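A, B, ... follow the sequence lines: proteins, then strands. Residue 1 opens every chain. Treat the numbers as computed from the prediction; the structure is a model and nothing was measured.
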Amino acid sequence: MAQKPSIPKGTRDFNPEEVVKRDYIFNTIKSQFEIFGFQPIETPSFENSSTLMGKYGEEGDRLIFKILNSGDYLSKVNNDLYQTKDSNKMTSEISEKALRYDLTVPFARYVVQHQNDISFPFKRYQIQPVWRADRPQKGRFREFYQCDADVVGSNSLWQEIEFVQLYDAVFTALGLNGVTIKINNRKILSGIAEVIGAKDKLIDFTVALDKLDKIGEEKVKEEMVERGIPQSGIDTLQPLFRLKGDFGAQVAELMTILNTSEEGKKGIEELEFINKGIEALGLKTATLQLDVTLARGLNYYTGAIFEVAAPEGVKMGSIGGGGRYDDLTGVFGLKDMSGVGISFGLDRIYLVLEDLGLFPKTISNTVKVLFINFGADEAMACMKAIMRLRSNGIKAELYPDSAKMKKQMSYANNRDIPYVVLLGASEIESNSYTLKHMRTGEQKELSMEQLISALS
RNA sequence: GUGGUUGUAGCUCAGUUGGUUAGAGCGCCUGAUUGUGGUUCAGGAGGUCGUCGGUUCGAGACCGAUCUUCCACCCCA
């Protein structure tokens, strides 16, 4: 019986128009990546579970799609374990592969595995889909593209500066002007946690702080209390909620909070270096902004943290993020390999460009001219003409059946094909081509040379 | 993972307190018009009302389960 087909939740089909638009974004980003000296790599869609598990925290592990082993996987499970019905413990017995959850961890694996072939610092970019067993929401899917650029093997803060410039270059090239690149530093966050006596609660502290612009100061404080941060510490935080003004003013304010924390002071120093660099070099259309509440992906970031916000007035979460991770490859046995990287949120960028009407009109890839099919003899003549046009780089095609003209014309209309050529008995006899412009309805009888130049 | 929300024609949606044969607009097909589309007019096709089960003389409507959509949490791109 015919059943209604469907796709799994959180996945999407892309129609030709959407793929063309997405490719436009990919290509724009790629060309900037390459201008900045990054090289492409690709890694498999799925990895060994042991590569992925435990790298994203408990929450992350839950969101990893696990792949069932092949064959009679249950027969190999230890009976006692089976009786416990403990899904978490059994997962490792029946699933040894998992879909990749992001591109950063596979990249770390790649670096470790190919360390002898790589010249460091290694600058790579990667644009591939990733999968998360999340509940879908607006701009959040279970399968989506990630687009990362990373450098490993250099501690230099010039890398951070370059990434800020890269963000600026990409969004400028996409015509998305006025994005805000927010920057923070993990060392500052740990410094603050240290100062308020919550060093062991760094993650609780930052998760709460991250919500400041969303739920407000009071709610953040409430949450900090709930998460077990001492009230006295929260009180010393007071100046933090009042941070205002330009980069320099905020840094000065931070300095007063952090003057007892070596780590915090180091973080400020790093921020200042990056900011001074960017100030001296300038940005095209983006703005760099210090945001101490920024606390994403804390699981592996150790230095700078980036996040990009869409231009003001656009309702959309972050459209990019990244940061420095000093020890990403450590878990795979390669020590002292510092890396920095940034990521672009493709799907969200797509939605923002669509919203603002920023896709260029010229990216359409439709065929330029359709030849009307009048029958077998005429079709042969059409194919000869089409070969000429194609070898001149003109996208041309023949309507495959000698259907009613009305039908062929509507087809051209529906596909937005701008021109139609009528090549019937009378044209063949006079060795000419009737070219009709679909929008104006205007038509002319032309020679092959005239046809080529009209369509070029 | 928690709480809510949605599902009726290819698409966007009506459908009254449960009552005969479930509607509209757009799209599609045919014709007016056998070498001229996008306009107009006339006609036509297309639905196991998400799925399974229950209540009822009777269910698109009520109840349960399940899937799906969207939203808020959690988390995150």
Side-chain angles (χ1 to χ4, degrees), chain A residues 1-12 15 56-64 87-88 101-104 127-148 203-204 206-208 210-211 214-215 219 223 227 294-299 306-310 315-323 341-352 370-375 378 399 402-428 434-443 445:
Chain A
M1 272 291 113
Q3 53 169 10
K4 274 196 179 169
S6 63
I7 55 174
K9 90 167 134 186
T11 64
R12 297 156 293 166
N15 66 30
Y56 310 100
E58 206 176 311
E59 186 75 16
D61 282 358
R62 210 189 72 211
L63 297 178
I64 292 174
S87 304
N88 281 336
Y101 178 88
D102 72 356
L103 300 179
T104 309
I127 303 180
Q128 289 188 278
V130 303
W131 294 269
R132 295 187 186 179
D134 208 355
R135 282 251 190 125
Q137 256 179 61
K138 192 177 193 67
R140 281 174 74 165
F141 307 94
R142 302 178 92 178
E143 177 186 63
F144 60 97
Y145 273 89
Q146 265 194 353
C147 173
D148 283 19
I203 291 188
D204 286 300
T206 50
V207 165
D210 195 39
K211 295 179 183 165
K214 203 169 176 183
I215 62 176
K219 286 267 165 74
E223 187 163 338
R227 286 173 180 267
L294 190 61
R296 52 192 324 85
L298 259 139
N299 293 312
F306 299 112
E307 181 171 299
V308 182
K315 266 190 153 177
M316 184 59 71
S318 74
I319 53 176
I342 60 171
S343 175
F344 290 82
L346 257 318
D347 297 290
R348 288 179 175 186
I349 292 171
Y350 184 105
L351 292 171
V352 171
L370 178 75
F371 279 64
I372 299 293
N373 190 330
F374 288 109
E378 291 90 340
Y399 192 88
S402 60
K404 288 209 170 83
M405 214 166 152
K406 180 185 169 108
K407 188 166 183 172
Q408 303 193 39
M409 296 293 267
S410 323
Y411 177 77
N413 240 14
N414 292 342
R415 274 192 58 196
D416 262 331
I417 298 174
Y419 292 97
V420 154
V421 164
L422 292 95
L423 181 54
S426 62
E427 283 90 352
I428 291 175
T434 299
L435 178 69
K436 181 186 173 84
H437 188 243
M438 291 300 280
R439 205 171 42 233
T440 63
E442 191 187 341
Q443 61 190 65
E445 215 168 308

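Base-pair partner of B/G1: B/C73 (Watson-Crick or G-U wobble, both distances under 3.5 Å). With a cut-off of 3.5 Å on both pairing distances, the Watson-Crick or G-U wobble partner of B/C29 is B/G43. B/U48 is unpaired under the criterion used here, namely a Watson-Crick or G-U wobble arrangement in which both key atom distances are under 3.5 Å. For B/G35, there is no paired base (Watson-Crick or G-U wobble, both distances below 3.5 Å). B/A24 and B/U12 make up a base pair, with Watson-Crick or G-U wobble contacts both under 3.5 Å.
Between A/Asp210 atom CG and A/Glu307 atom CD the span is 7.0 Å, to the nearest 0.5 Å. To the nearest 0.5 Å, the span separating CD1 on A/Ile319 from OG on A/Ser343 amounts to 11.5 Å. Rounding to the nearest 0.5 angstrom, the gap separating the CZ atom in A/Phe371 from the CD atom in A/Gln408 is 12.5 Å.
Remark: side-chain polar atoms of A/Asn373 are paired, donor with acceptor, to backbone N or O of A/Gly375 under 3.5 angstrom. Although no hydrogens or angles enter the test, the distance criterion places a donor-acceptor pair under 3.5 Å between the side chain of A/Arg132 and the main chain of A/Tyr101.
A/Gly60 comes within 4.0 angstrom of no nucleic acid atom, judged by non-hydrogen atoms across all strands. The residue A/Arg227 sits close only to the backbone: its heavy atoms come under 4.0 Å of sugar-phosphate atoms, none of a base. Using a 4.0 Å heavy-atom criterion, one finds that A/Gly375 contacts no nucleic acid atom at all.
Between B/C75, B/G37, B/U68, one nucleotide has an atom nearer to the side chain of A/Lys9 than all others, and that is B/U68.
Residue A/Asp134 contributes atom CG, which lies 13 Å from atom P of B/U69 at whole-angstrom precision. Residue A/Asn413 contributes atom CG, which lies 8 Å from atom P of B/U39 at whole-angstrom precision. The CZ atom of A/Arg140 sits 10 Å away from the P atom of B/C71 (whole-angstrom rounding).
Between the side chains of A/Thr434 and A/Glu427, a donor-acceptor pair is found at a separation under 3.5 Å.
Nucleotides B/C57 and B/G1 are separated by 45 Å at their C1' atoms, to the nearest Å. B/A45 sits 23 Å from B/U8 when the P atoms are compared, rounded to a whole Å. Atom P of B/G25 sits at a distance of 23 Å from the matching atom of B/U21, rounded to the whole Å. B/C28 and B/C11: their P atoms are spaced 15 Å apart (whole Å). Comparing the P positions of B/G38 and B/G31 gives an interatomic distance of 13 Å, to the nearest angstrom. When the C1' atom is compared between B/G3 and B/C75, the two are found 16 Å apart, to the nearest whole Å. Going from the P atom of B/U66 to that of B/G58 covers 27 Å, rounded to whole Å. On the P atoms, B/A14 is 13 Å away from B/G50, given to the nearest whole Å.
Judged by closest nucleotide on RNA chain B, A/Thr11 is the one of A/Glu59 and A/Thr11 placed further toward the 5' end. Projected onto RNA chain B by closest heavy-atom contact, A/Arg439 and A/Phe141 fall at different nucleotides, the more 5' of which corresponds to A/Arg439.
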Whether each nucleotide of nucleotides 26-36 of chain B has a protein heavy atom under 4.0 Å at its base (B), only at its sugar-phosphate (S) or at neither (-) is summarised, 5' to 3', as --S--S---BB
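Screening A/Arg12, A/Arg142, A/Arg140 against A/Asp347 for a salt bridge (Lys or Arg N to Asp or Glu O under 4.0 Å) leaves a single residue, A/Arg12.
With a 4.5 Å cut-off on side-chain heavy atoms, A/Ile372 and A/Met409 count as touching.
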